[in-house]
Amino acid sequence: MFYHNTQYKNIPFENSFISKANISIKGENIHCGDIILDKYIAPFNADVINFLIQKEFYPTLIGHCDSFAIGGRGYNSWLGNGINPYDSQQIVGGSSYGCAIAIYEDKVPFGLGSSTGGSIRIPCHFTKLYGFEPSQGAISRSGLVLHSSSMDKIGLMTKDFKYIYQIFNILTQPGNDMQNRMFSFNTKSITRIGIYNDVNCQYKDTYISMIKKLSKLSNIEIIDISSDLNFLDNIYKMYYSISGMEAFFNLGRFNGSRFLNHTYNSNSEWFEQYNQLYDNMAQNTQNRLSLGQKLLQNPNTLDNTMQNIDAFREQIKSIFLKVDSIFLPTTPFEQFFNSNTNQNDIDAIDQFTSFTNMFGGCALSIPLSTKSSNYFHSVQFIANCGNDIGLIDFINQNLNIFKE
Amino acid sequence: MNQIINQKIIKKINIGVENHIMLILPTNESNIGHKLFCGCVIEQETCGICLGYPGALPNFNINSINAILKLGIMLNSKIEDVIFFDRKKYAYWDLPKLYQITQNLYPTLTGGKINNVLIHSAHLEEDAGKVVNNEVSFLRSGCPLIELVTKPCMHSIEELEQYLKNLRNICLYLKLISPLKSNAIRCDVNFSFEYEDGTYSKRVELKNLNSISDIKQALNYELKSNLIYDMQQTKGWNGKETYFMREKKIYVYMPEYDLPGLDIRKIKNSQNYLNYLINFPDDIKFNFNFSKSDLTLIIYQQPNIWLQNIASSYNISINDNILQNISIDVEARTILYVLTQQYDCKQNINGKNFLIILMNIYNLILNAKFHHKLNLMLCISNHIYNQKINFKEIETLCQNNKYDKPEFLILIKKYINQPILVFDNINKKVMKQFLNVKQQNIPYNDKIFNIKKIITNQYKKYRIIWQNLMPNIISLLK
């Protein structure tokens, strides 16, 4: 079971969509892929659900996900592991794996996922879908169960590119989220594309051939920024430390005292049970929490991490002075077997995606039709924060070259 | 916890206070007010945000900025331009989110004073739930608080009592708290002893103090018992004696990314806050060195925007470079304000535009030391209120500070020698012109404008104070 039905029944295919299990839908069990919330019924709709219902799109399915969206493979869920519908020996990628499978199986035309470090683009890569992660603040997050307040965002997954255009317009209304209210678009047409010639990727040949196709387009300048993108080899260390620290704060509230109807007679009794409840959380989530707790015990760690992130954002700023968009493979892997438990591989699965969320930019992952391999290849374009419309326009105009 | 009585004799007690002021934030629709990060009514409702439900995001209540700005202006504090929030992590069952949203790194207010008590900082934060008979009530969770921290500058219980009364008066005047609510201001007392041999005790925090009499009793108990404090700790009060609660905790903080930094410069510089300064009651005027009439002149507005408005109303263009160099300085701005109110801004003095000369004066005043600025301001304001002025004083003052620039002296001299126009001085001929204007079929504002025009043309030698003349002009037009 990778997804389940909701209260919305008998909805035509064109008007239905799947929502990830961490986006609140009133009256539904929003379990976030973790047993700690298995009895939690959301009392309100997320802003995005309200916007879509107003336009007569209904969430007919809820897609299961990794526990609190922590996990890149779909292997950190209370409801079982995600399995690739195309090849059962392969992973489906995470954390929005339930949505990816439902869309691959043509149950719904599009889905809403959430991304902390590429949780939309990675499952889209393994199931041949378009995955769009907008700029930080472009879409209201009110109603999304966050584990990282600085990086989490809601995005779109679909087989048909037209839905990205249509649904993104609906979702960008001002909501109840302060980040969203203070956001403004900064549209700029994409003419200079930065590439990474030294990329370490299993389908590098496809990537290089795509660069050749792009260079043939008129008004497009290809710029090699390999030296600027060296940070990609070590970026996940910073990503894990900031996400761990934020998870320690955000996930602390799931102590069960208010969501599982437990009663306590004193603070000490509550505290005892609260610590026990944490043991029920998925293993990777517990690891991430304890990493965050360990890092926060030293006050200098937080300061250093903040300084590193500031320096990283400055670096990204300087890159976007040279180019309008960065062109990269979506993940380093062409295939990822579910028997592969090599920690280095697991960490590297979001090597090309996580940095987008760290500077708040937008990214679009595009599936490629290649005859050379049995497996799916995909590439992504990353643009600066606020240039969502410029990015979508560019892909829409040149969609044919990715289908050839 | 063993309590050991100290053999040393207490020379002095240093007391600092942490106040939690529970705000009422009334809106147009309701008088009761809402919580800090949601639309729930204070102490009456709860929602997903104040209960920390999954997916509920805080939504900042803009009214709380008004509250803290009013307090900041009243206390003469430095007000930050941007409001940032942090998360403070502690595990206790009255905290629904397991962290409290507060301001740790950048408190909105720093410095300031209430009478002689120096303020360290003040910031906004949300309240936790309330534990009553081993049950947690979340009605109070998310209510807006201002945490006000003083420096350890009080040395007696009487001083502390007076400070708390003053603080309550200020909060009531600014309408920050409800007069009907008894525990709107909570107080945690921090103290340390200074002994006769020159050594100090560690700091102790006293909690659970519900009234001023509780505070008095608890501090008297501590002074009498004179215990040894060799570590920082928190103690409680049970009505009879103080008891050990816990050692001083070190909290973990993190920036609150759900609430991005909010630029409050526009709100800060709007003129609404001036009213609170003009109409303050006598019992809380101790915070200011100025008289009530002087205070009316202090304008809490960015001088560049305000000057630009004046200039554009007179069709004068001001150089951008001059405008950019203006810093916000209350004393200098006050003098500027006074001068522009009394003068016709369009006039030329020695072939130079009046506003440009004003800017030069302004820059001179900016560079002066504080007490010189104050003297200058008082000289000018005294003159405006028809009091005698010792011009030599100003002249020597300016020379000592190398203020020998001609424009400055000419202006001041001219300003002081100019006679003030009184309504009785106006000729019968001019009065006839007024009556002509009155009979014209034009809007009321145009009539006033025309009369002003006639007066400025006819009485060029006089200094015209419109504030004094306007009541007569208005009664003439009726």
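A note on names: the letters A, B, ... follow the listed sequences, proteins ahead of strands, and every chain is numbered from 1. What you see below is based on every heavy atom in this structure, not just the backbone, and it leaves out hydrogens, waters and symmetry mates.
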Quick one: [atom1] on [X] to [atom2] on [Y], what's the gap to the nearest 0.5 Å?
X	Y	atom1	atom2	value
A/Thr305	B/Met254	OG1	CE	8.0 Å
B/Leu259	A/Ser149	CG	OG	9.0 Å
B/Glu256	A/Ser150	CD	OG	11.0 Å
A/Asp303	B/Leu105	CG	CG	7.5 Å
B/Asp258	A/Leu146	CG	CG	5.5 Å

Can you check whether [X] reaches [Y] side chain to side chain, under 4.5 Å on heavy atoms?
X	Y	value
A/Met245	B/Val252	no
A/Met182	B/Leu262	yes
B/Tyr53	A/Arg253	no
B/Leu57	A/Met178	no

Side chain, backbone, both or neither: which part of B/Tyr99 has an atom under 4.5 Å from a heavy atom of chain A?
-> side chain
Residue B/Pro255 versus chain A: region with a heavy atom under 4.5 Å = side chain
Do side-chain atoms of A/Glu246 reach the backbone of B/Tyr257 as a donor and acceptor pair under 3.5 angstrom?
-> no
Taking the side chain from B/Lys97 and the backbone from A/Phe249, do they hold a donor-acceptor pair closer than 3.5 Å?
-> no
Check the surroundings of atom [atom1] in [X]: do more than 12 heavy atoms from other residues, nucleotides or ligands lie under 6.0 Å from it?
X	atom1	value
B/Lys88	NZ	yes
B/Tyr106	OH	no
B/Lys248	NZ	yes
B/His120	NE2	no

Chain B contacts: which residues in residues 43-51 of chain A have a non-hydrogen atom closer than 4.5 Å to it?
-> A/Pro43, A/Phe44
Residues of residues 19-30 of chain A near chain B, each having a heavy atom less than 4.5 Å away = A/Ser24
Need one label for [X]: side chain, backbone, both or neither, based on atoms under 4.5 Å from any heavy atom in chain B.
X	answer
A/Arg181	side chain
A/Leu296	both
A/Met151	neither

Heavy-atom closest contact (A/Gly252 atom, B/Leu98 atom, distance) = O-CG, 3.5 Å
